Amino acid sequence: MDAQSYNAALTELRTVRDEIKKARAALTKLEANRDQRITQLATYAKAKAERIAPAAGLSVTDIVALAPALAPDSLASDPAPPAPTDTGEPPASSTEPEHAPQPPTTPTATAAAPQPPAPASSDLTTAPPKQQPRTLPSIPEDSTGDAWFTHTRGLASQRPNFTQQARSTVFLDTSTGTLVHRNQTHRLDLGSQSVANILTAVSHTVPEGVERIYITAGDPWHRDADRYPYLRDAVAAWLNAPTPGWRTDTGRGRDRMAGHFVHARNPVGRYQRDNGEDHVEIRSVGEWFDLDGDAPATVRDAFVLLWQALRRHWNDAVLMGSPSQTGRDLWTRTIPQRGQYADGFPVLSEELRGLLHATAGQGRNELITPPQLPEQLPQLTEYDRTFAYAKHTWKSPVGTPRRVTAATIASWPETERVRALYGCGHWQVRVTVPDTWNHVGILPAPAPGDRAWHYPAEPGTTFTTWAGGPEVHTALTNPIQPWKIEILDGILWDNGKPLDDWAKKLKETWTNLSAQAHFQGNPQQARAAHLASRAVRSILLYGIGSFAQRPRMVTGTTPRTAERDVPPDAEIIGFNDELITWQRPTGFSRDPNAHPEWAAAIWSGARAALLTQRHRDEGTYAGALHTPPGTVVAFRTDALYLTQLQTWPYHSQPGDYLLRGHLTTPVPAPTTEEELLTLRDAGRTALTVGQET
């Protein structure tokens with residue numbers, strides 16, 4: 001470039017600068033005009049934020065921020081938490097314990113006058129300041145709260161009277177173009193790995209039609225990740241890119257799943273041909289299990305083995321798109337045809353479901369850092385509860401829930417209070433940590449952030465929270481020192497076994513496949529059996545999560561000429577000259593399989609078992625509270641990280657603590673989740689190498 005060209009380029013740059021300034025000024029003016037119109041619309045008596053949002057191209061939250069009077073009063077519904085992890089690996093050796101725990105004592109609890117009810121939260125309210133803990137909702141004191149204790153009219157989980165139809169499925173490695181369809185393997189040219197390229201290549205290779213494409217490797221939805229600030233944005237752009245001849249699926253028949261599911265790692269794309277005849281899902285096999293360079297043929301074999309194993313218990317078993325869908329479908333086929341619940345399990349009132357969504361967390365994830373721990377740890381061990389949630393399905397809440405106020409429980413004799421805490425309940429409690437407490441926290445308390453929880457352990461700390469019966473019972477009967485628990489309010493159900501038959505069949509399937517993986521002589525078939533056993537774990541794990549029915553975000557598109565057809569509860573996330581792209585939560589109020597009380601009870605039992613778990617055959621206990629103070633480094637859903645080895649019994653049964661990793665030399669105490677995961681991976685590698693040598 002010479003001087004003349006340089007000066008000319010500077011002139012052009014200044015022109016662009018001025019145009020940007022003008023555009024920004026025009027945009028500011030347009031936004032002010034838009035906000036003014038929104039404010040005017042809000043003065044209409046029947047105005048709804050959900051209707052105004054798509055017209056404005058804003059989220060409902062943005063509309064409410066401009067016009068607070070449009071905020072509804074409904075309870076909050078939070079997004080699904082990260083999926084938990086457990087393991088199904090064979091046992092490893094460990095050393096003798098330093099001390100034997102004492103058995104728990106009889107539980108006692110005191111009643112207290114109820115506190116003033118906290119205001120019902122809403123998914124449209126402004127988030128609290130970062131340093132302020134969340135306030136959990138309460139049950140209204142008057143007859144309004146009593147009216148919550150019922151079931152939703154005309155809504156119940158019922159045994160299906162139809163057979164699921166299997167879908168033609170292929171397995172595709174987009175990094176190599178390897179496609180496996182039944183017993184045939186093909187090599188495809190996927191070009192840029194766009195949705196259009198994949199749909200075109202697969203439909204040409206399998207002309208008789210494919211309904212489900214599992215991506216086994218390649219993660220094509222991340223191909224332009226560098227262009228976006230977040231992976232989720234890159235995934236959304238990939239799913240919604242133009243697909244000539246295809247459009248976003250709108251659902252069909254009994255299958256009401258429509259639109260895309262945007263997830264950073266395991267998205268779901270749903271498409272149909274413009275003629276409306278062909279429907280295709282593109283999914284990640286990572287929903288079912290983690291792969292380690294496995295070929296598509298091995299993945300196919302895993303799904304075949306899984307289907308064959310499930311058929312031994314369900315003669316009409318069909319593998320659906322995800323483990324959660326499969327788990328829920330299999331469960332409905334265990335609903336009794338005779339007896340009390342032959343007509344189905346009724347669904348709780350929307351108010352109680354909303355309360356459970358807001359007050360019942362999932363797995364415990366906590367990292368204890370210096371100065372609570374030394375800067376240098378003498379060693380690090382990882383224990384993971386095998387197939388953990390399967391341990392806690394033998395008893396679940398059933399029947400019409402009862403409200404148990406502070407005054408009610410105070411009037412009960414001691415034996416009845418103990419029975420209530422052993423039963424299926426969800427309790428609002430005021431908790432005080434003992435003055436001499438020197439171990440980890442026991443009960444979850446709301447922390448700053450959306451659905452964030454922490455576990456206070458500072459002596460003398462008092463807080464108010466909601467917790468399940470297993471955790472409240474643990475706080476009262478732990479082997480160290482009972483905590484002070486004041487019952488403020490509660491929900492109590494009858495004890496039942498709605499999940500027992502389902503879980504037993506899945507546990508037997510898991511045991512069978514795990515044995516095949518161990519004794520199979522063919523390495524590929526052994527690996528396939530192992531993957532199938534992990535898929536069974538996912539079916540139960542995510543099946544339980546599906547009962548919670550936290551709203552999922554589904555995306556879709558609507559022509560600009562049909563703007564009024566955008567769902568009223570949708571948020572506009574993008575648009576061009578032809579299409580409006582939106583997302584909306586789905587699956588809450590009218591889902592016949594919504595049973596958050598079951599998920600909450602299992603999660604509470606699993607969190608309690610991380611602290612203390614009895615092994616009847618050996619007469620011993622395992623868990624964090626049976627380790628010396630100062631030796632717990634972290635909790636991670638079903639995993640426990642310690643600075644000492646333990647000799648807890650392991651019989652390859654659900655809930656047993658398996659030694660997964662062990663670093664025998666001093667390591668720096670992790671201060672972030674990334675550092676913990678790095679040490680975890682190093683510990684697993686070190687343990688594997690040690691076992692092999």
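Model, not experiment: these values are computed from the prediction.
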Under 4.5 Å between any side-chain heavy atoms of [X] and [Y], yes or no?
| X | Y | answer |
| --- | --- | --- |
| Arg159 | Gln337 | yes |
| Cys424 | Leu492 | no |
| Trp221 | Ile215 | yes |
| Trp603 | Ile544 | yes |
| Trp288 | Val536 | no |
| Val404 | Ile487 | no |
| Tyr455 | Leu443 | no |
| Tyr657 | Gln613 | yes |

- request: Apply the test side chain to side chain contact (heavy atoms under 4.5 Å, CB included) to residues Trp453 and Thr465: give CA-CA distance (whole Å), side-chain angles for both, the deciding distance (0.1 Å), then the verdict.
  value: CA-CA 10 Å; Trp453 301 88; Thr465 191; 4.0 Å; yes

task: Given side chain to side chain contact (heavy atoms under 4.5 Å, CB included), test Trp493 with His426 step by step and report yes or no.
output: CA-CA 9 Å; Trp493 291 267; His426 190 60; 4.2 Å; yes

Sidechain-backbone polar pair: [X] side chain, [Y] backbone, donor-acceptor under 3.5 Å:
| X | Y | value |
| --- | --- | --- |
| Trp307 | Ala317 | yes |
| Thr152 | Leu348 | yes |
| Ser514 | Thr511 | no |
| Asp638 | Asp384 | no |
| Thr326 | Leu319 | no |
| Arg364 | Phe635 | no |
| Trp148 | Pro140 | no |
| Thr393 | Tyr389 | no |
| Arg273 | Glu277 | no |
| Arg534 | Asp290 | no |

task: Determine the sole option in Arg167, Gln164, Arg328 for which the side-chain contact (heavy atoms from CB on, under 4.5 Å) test with Met320 is passed.
output: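 The option that passes is Gln164.
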
Side chains of [X] and [Y] only: does a donor on one sit below 3.5 Å from an acceptor on the other?
| X | Y | result |
| --- | --- | --- |
| Ser157 | Asn593 | yes |
| Gln362 | Arg607 | no |
| Ser138 | Gln428 | yes |
| Ser349 | His151 | no |
| Thr408 | Thr405 | yes |
| Glu597 | His595 | yes |

- prompt: Does the distance from a Lys or Arg side-chain N to an Asp or Glu carboxylate O, for Asp146 and Arg403, drop under 4.0 Å?
  reply: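 Result for this pair is yes, salt bridge flagged.
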
- request: Indicate yes or no: does Asp249 engage Arg270 in a salt bridge with an N to O separation below 4.0 Å.
  value: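 Arg270 and Asp249: not salt-bridged.
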
- prompt: Which residues pass the side chain to side chain contact (heavy atoms under 4.5 Å, CB included) test with Pro470, sequence neighbours left out?
  reply: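 In terms of side chain to side chain contact (heavy atoms under 4.5 Å, CB included), with neighbours along the sequence ignored, Pro470 is linked to Ser604, Ala608.
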
message: Quick test of your reading: applying salt bridge (Lys or Arg N to Asp or Glu O under 4.0 Å), list the pairs with at least one residue in residues 493-504, sequence neighbours left out, ordered by first then second residue.
response: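 Listed once each, the pairs are Asp500-Lys504, Asp501-Lys505.
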
- request: Take the angle between the ring planes of Tyr422 and His473 and call it parallel below 30°, perpendicular above 60°, tilted in between.
  value: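 Taking His473 first and then Tyr422, their aromatic rings sit tilted (interplane angle of 30° to 60°).
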
query: According to the interplanar angle, ranging from 0 to 90°, do the rings of Phe261 and His263 count as parallel (below 30°), tilted (30 to 60°) or perpendicular (above 60°)?
result: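 The arrangement is tilted - the two ring planes meet at 30° to 60°.
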
Taking atom [atom1] of [X] and atom [atom2] of [Y], what is their separation to the nearest 0.5 Å?
| X | Y | atom1 | atom2 | answer |
| --- | --- | --- | --- | --- |
| Leu136 | Thr464 | CG | OG1 | 9.0 Å |
| Ile602 | Leu540 | CD1 | CG | 7.0 Å |
| Leu499 | Thr334 | CG | OG1 | 8.0 Å |
| Ile539 | Ser322 | CD1 | OG | 9.5 Å |
| Glu350 | Thr150 | CD | OG1 | 13.0 Å |
| Glu351 | Thr144 | CD | OG1 | 10.0 Å |

With a 6.0 Å cut-off (strictly less than), is the heavy-atom count around [atom1] of [X], excluding the residue itself, greater than 12?
| X | atom1 | result |
| --- | --- | --- |
| Trp394 | CH2 | no |
| Lys507 | NZ | yes |
| Asp343 | CG | no |

Centres of the [X] and [Y] rings: under 6.0 Å?
| X | Y | result |
| --- | --- | --- |
| Trp331 | Trp314 | no |
| Phe345 | Trp598 | yes |
| Tyr271 | His260 | yes |

What are the two closest heavy atoms between [X] and [Y], and how far apart are they?
| X | Y | answer |
| --- | --- | --- |
| Leu239 | Gly269 | CD2-CA, 3.7 Å |
| Ala600 | Leu356 | CB-CD2, 4.4 Å |
| Leu531 | Leu291 | CD1-CD2, 3.9 Å |
| Ile335 | Gly344 | CG2-CA, 4.5 Å |
| Gly399 | Tyr341 | N-OH, 3.3 Å |
| Pro444 | Glu471 | CD-OE2, 3.4 Å |

field: Pair Val347-Arg353, side chain to side chain contact (heavy atoms under 4.5 Å, CB included): steps then yes or no
entry: CA-CA 9 Å; Val347 173; Arg353 280 181 281 148; 3.5 Å; yes

- request: Start with the C-alpha gap between Asp656 and Arg385, add the side-chain angles, then the distance that decides, and say whether salt bridge (charged side-chain N to carboxylate O under 4.0 Å, His left out) holds.
  value: CA-CA 5 Å; Asp656 286 357; Arg385 297 186 64 229; over 6 Å; no

- request: With sequence neighbours left out, write down each residue that passes ring pair (Phe, Tyr, Trp, His ring centres under 6.0 Å) with Phe171, or none if nothing qualifies.
  value: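 Only Tyr214, Phe303 meet the ring pair (Phe, Tyr, Trp, His ring centres under 6.0 Å) criterion with Phe171.
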
- request: Assess whether side chain to side chain contact (heavy atoms under 4.5 Å, CB included) is satisfied between Leu306 and Val304, documenting all intermediate values.
  value: CA-CA 5 Å; Leu306 173 63; Val304 171; over 6 Å; no

